[in-house]
Every structure is written in C-alpha cells, then in structure tokens.
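Here the structure is laid out as structure tokens; the discussion comes afterwards.
From a predicted model like this one, the values you see are computed outputs, not experimental measurements. Residue numbers start at 1 and run along the sequence shown.
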Amino acid sequence: MSLARVHNFSISLDGFATGEGLSLEAPFGHAGERLHEWMFATRWWQETTGGPGGSGGLDDVFVRRFDPGIGAEIMGAGKFGYPGWHKDADWKGWWGPNPPFHTPTFVLTHHTRPSIEMEGGTTFHFLDTSPAKALETAREAADGLDVRIGGGPTVIRDFLAAGLIDHLHVVVVPILLGRGVRLWDGLEELEKAYAIEAVTSPSGVTHLTLTRQ
C-alpha cells in the first residue's frame with residue numbers, strides 16, 4: 001500500500017504552524033514568512049522559482065524529498081485559500097495557473113465545488129469527508145504512488161490522531177510565535193508509534209523525521 005507522507009512542514013519552537021489573523025493579504029497571519037525562510041534560501045527553491053544561487057546544504061537535501069514518489073496530495077481548506085475563499089467562485093488557490101503539485105489534489109472542505117483542472121497536471125477536487133475516506137480516495141488516484149498530506153496543521157493533526165501518517169517531516173524553526181494554530185495539541189504519546197530522528201542544520205532549523213515503526 002502507498003504511504004501517507006508529510007514533508008517540509010514548519011513549526012515554531014512553541015509548536016505553532018501558522019500565525020493568528022489569516023487573510024488574503026496575510027496567508028500565515030502575524031507569522032508572515034518567518035516559518036519558511038529556511039526553505040527560500042535553498043537551491044531547490046531558487047531553481048523552482050527561477051532565481052539564482054541558493055544553498056545546497058542539508059536544508060536543500062530535505063526539501064527535495066517533497067516530490068519524488070508522490071501521486072496525489074490532500075490539503076485542508078485553510079491551505080487552499082484565505083478564510084472565506086469558498087464565497088469566491090473564481091478562486092483557484094494561491095499558486096497561479098500552474099500549481100506546484102502536478103498531481104490530483106484533494107481539498108478537504110465543507111464547501112465543495114466542481115473540480116478545477118489546472119496547468120501542469122494539478123486538478124483540485126473538493127471533498128467533505130473523513131481523513132480515512134479522503135486517504136482512500138487519494139490512494140486510488142495516486143495509482144500505487146504515495147500520498148502527500150500537505151497541511152495545514154489541523155489537517156495533519158487529524159490524520160495523525162487517526163493513525164494515518166506513515167512518514168512525517170517537521171522543521172522546527174527557532175522563533176516564538178505565541179499564538180496561532182499548533183500542530184501537536186491532543187497528540188500525547190504520539191512518539192510511541194514512530195521512530196524519531198533529529199538533525200540540526202547550520203541555518204538554525206532542526207529537521208525532525210517520524211517514521212512509523
């Protein structure tokens with residue numbers, strides 16, 4: 001069976017994966033882009049966005065594991081759009097005409113709408129269902145490849161609570177946010193189900209990998 005994987009998911013030292021006050025103008029609320037600056041500095045990011053340079057070190061090695069072997073993605077409504085996006089019939093996500101997923105992508109939302117086919121192989125499908133049912137649907141679409149659980153924190157927490165995540169890569173960024181949405185709440189003793197490794201990068205972030213035992 002294909003695996004359910006999470007990659008490059010950034011949290012603060014106090015466990016927040018996004019800030020407070022999300023909006024169209026502030027996708028991560030008061031956190032801004034501080035949780036993701038480590039990624040923007042990598043060579044992979046520069047190659048992806050058409051920029052020059054970038055670091056080829058440890059962070060770059062981890063960030064490149066995002067894509068290989070992935071046949072479908074699941075994300076929450078909060079990753080697909082700003083609060084209230086469901087009221088905008090023309091909203092097609094944050095990523096422009098060619099999103100970076102290039103697979104069937106399933107958006108978990110109570111406000112479903114017809115599927116949206118984008119450039120580059122991404123098609124957004126909108127589901128109002130449980131994590132287990134969503135994963136079953138995504139696995140069928142992935143055709144034997146793995147399914148990436150893309151976030152946000154509430155979705156990943158729900159999948160972890162249901163015992164559905166096989167591999168989890170979390171990047172702990174050395175900042176304190178104080179408020180927002182936390183990843184780990186309600187997941188006491190999660191560590192018993194996983195082999196855990198940690199490695200600190202020269203950039204200051206710590207890469208945690210949890211692999212189901």
Side-chain angles (χ1 to χ4, degrees), residues 3-23 25-70 73 75-76 78-79 82 94-95 99-101 146 148-157 159-160 165-213:
L3 301 178
R5 295 160 39 189
V6 176
H7 289 276
N8 306 330
F9 194 74
S10 298
I11 65 173
S12 64
L13 287 174
D14 46 350
F16 292 99
T18 191
E20 193 174 80
L22 277 62
S23 69
E25 294 75 24
F28 295 96
H30 83 286
E33 298 291 355
R34 288 181 292 161
L35 286 169
H36 308 104
E37 289 172 352
W38 69 272
M39 185 187 302
F40 302 152
T42 64
R43 186 173 299 164
W44 174 86
W45 180 265
Q46 296 304 319
E47 291 172 356
T48 300
T49 59
S55 166
L58 182 64
D59 294 340
D60 191 62
V61 171
F62 271 100
V63 79
R64 289 179 185 273
R65 297 178 180 178
F66 167 85
D67 198 47
I70 295 294
E73 166 136 351
M75 68 174 65
K79 178 175 178 176
Y82 61 96
W94 300 103
W95 305 279
F101 310 109
D146 291 344
R148 185 172 52 235
I149 312 300
T154 302
V155 166
I156 292 177
R157 188 168 62 237
F159 275 76
L160 286 168
I165 301 294
D166 299 294
H167 176 83
L168 173 66
H169 169 224
V170 173
V171 184
V172 182
V173 181
I175 62 174
L176 293 170
L177 291 180
R179 52 199 166 96
V181 182
R182 291 169 53 89
L183 174 62
W184 302 121
D185 289 355
L187 297 175
E188 292 85 354
E189 298 188 343
L190 176 73
E191 71 280 359
K192 292 184 177 180
Y194 291 89
I196 301 175
E197 297 182 2
V199 57
T200 300
S201 165
S203 68
V205 305
T206 298
H207 297 272
L208 292 175
T209 56
L210 287 76
T211 305
R212 185 178 298 281
Q213 302 196 76

Practice problem: Show your reasoning for whether side chain to side chain contact (heavy atoms under 4.5 Å, CB included) applies to Met39 and Val171. | Solution: CA-CA 10 Å; Met39 185 187 302; Val171 184; over 6 Å; no
Quiz item: By salt bridge (Lys or Arg N to Asp or Glu O under 4.0 Å), which residues pair with Asp14, not counting sequence neighbours?
Solution: none
Quiz item: Quick one: does Trp38's side chain have a donor or acceptor within less than 3.5 Å of a partner on Val172's backbone?
Solution: no
Quiz item: Do Leu177 and Leu35 come close enough that some side-chain heavy atom pair is under 4.5 Å?
Solution: yes
Self-check item: Approximate separation, where rounding is to 0.5 Å, of Ile165 CD1 and Leu210 CG
Solution: 10.5 Å
Quiz item: Do Asn8 and His169 have side chains that get closer than 4.5 Å, going by heavy atoms?
Solution: yes
Quiz item: CZ/Phe101 to CD1/Ile70 distance, rounded to the nearest 0.5 angstrom?
Solution: 12.0 Å
Quiz item: Taking all atoms of both residues into account, what is the closest heavy-atom pair of Pro153 and Thr18, and its distance?
Solution: CG-CG2, 4.3 Å
Quiz item: How far apart are the closest heavy atoms of Leu22 and Phe28, and which atoms are they?
Solution: CD1-C, 4.1 Å
Practice problem: Could you tell me whether the side chain of Val173 reaches within less than 4.5 Å of the side chain of Glu37, counting heavy atoms only? | Solution: no
Self-check item: Closest non-hydrogen atom pair, Ala17 against Ile11
Solution: CB-CG2, 3.9 Å
Quiz item: Are the side chain of Arg212 and the backbone N or O of Ala193 linked by a donor-acceptor pair below 3.5 Å?
Solution: no
Practice problem: Might you confirm whether atom CD of Glu33 has over 12 heavy atoms from other residues, nucleotides or ligands at distances under 6.0 Å? | Solution: yes
Self-check item: Minimum-distance pair of heavy atoms, taken over all atoms of Ala198 and Thr206
Solution: CB-CG2, 4.3 Å
Quiz item: Restricting to pairs with a member in residues 47-66, which pass side chain to side chain donor-acceptor pair (under 3.5 Å), not counting sequence neighbours?
Solution: Glu47-Arg64, Asp59-Ser201, Asp59-Ser203, Asp59-His207, Asp60-Arg64
Quiz item: Should Val6 and Phe159 count as side-chain neighbours, where that means a heavy-atom distance under 4.5 Å?
Solution: no
Quiz item: With side chains defined as the heavy atoms from C-beta onward, is the minimum distance between Phe66 and Arg148 less than 4.5 Å?
Solution: yes
Practice problem: Return the minimal non-hydrogen interatomic distance between Arg157 and Asp185, and the atom names on each side. | Solution: CD-O, 2.9 Å
Quiz item: For Ser10 and His36, which heavy atoms make the closest approach, and how far apart are they?
Solution: OG-CD2, 4.0 Å
Self-check item: Sub-4.5 Å side-chain heavy-atom contact between Asp67 and Trp44
Solution: no
Quiz item: Does the Asp166 side chain pair with the main chain of Arg5, one donor and one acceptor, at a distance under 3.5 Å?
Solution: no
Practice problem: Could you check if a side-chain atom of Leu183 sits within less than 4.5 angstrom of a side-chain atom of Phe9, using non-hydrogen atoms only? | Solution: yes
Exercise. Would you mind reporting whether Val155 and Met75 have side-chain heavy atoms less than 4.5 Å apart?
Key: no
Practice problem: Measure the spacing between CZ of Arg179 and CZ of Arg182 and express it to the nearest 0.5 Å. | Solution: 15.0 Å
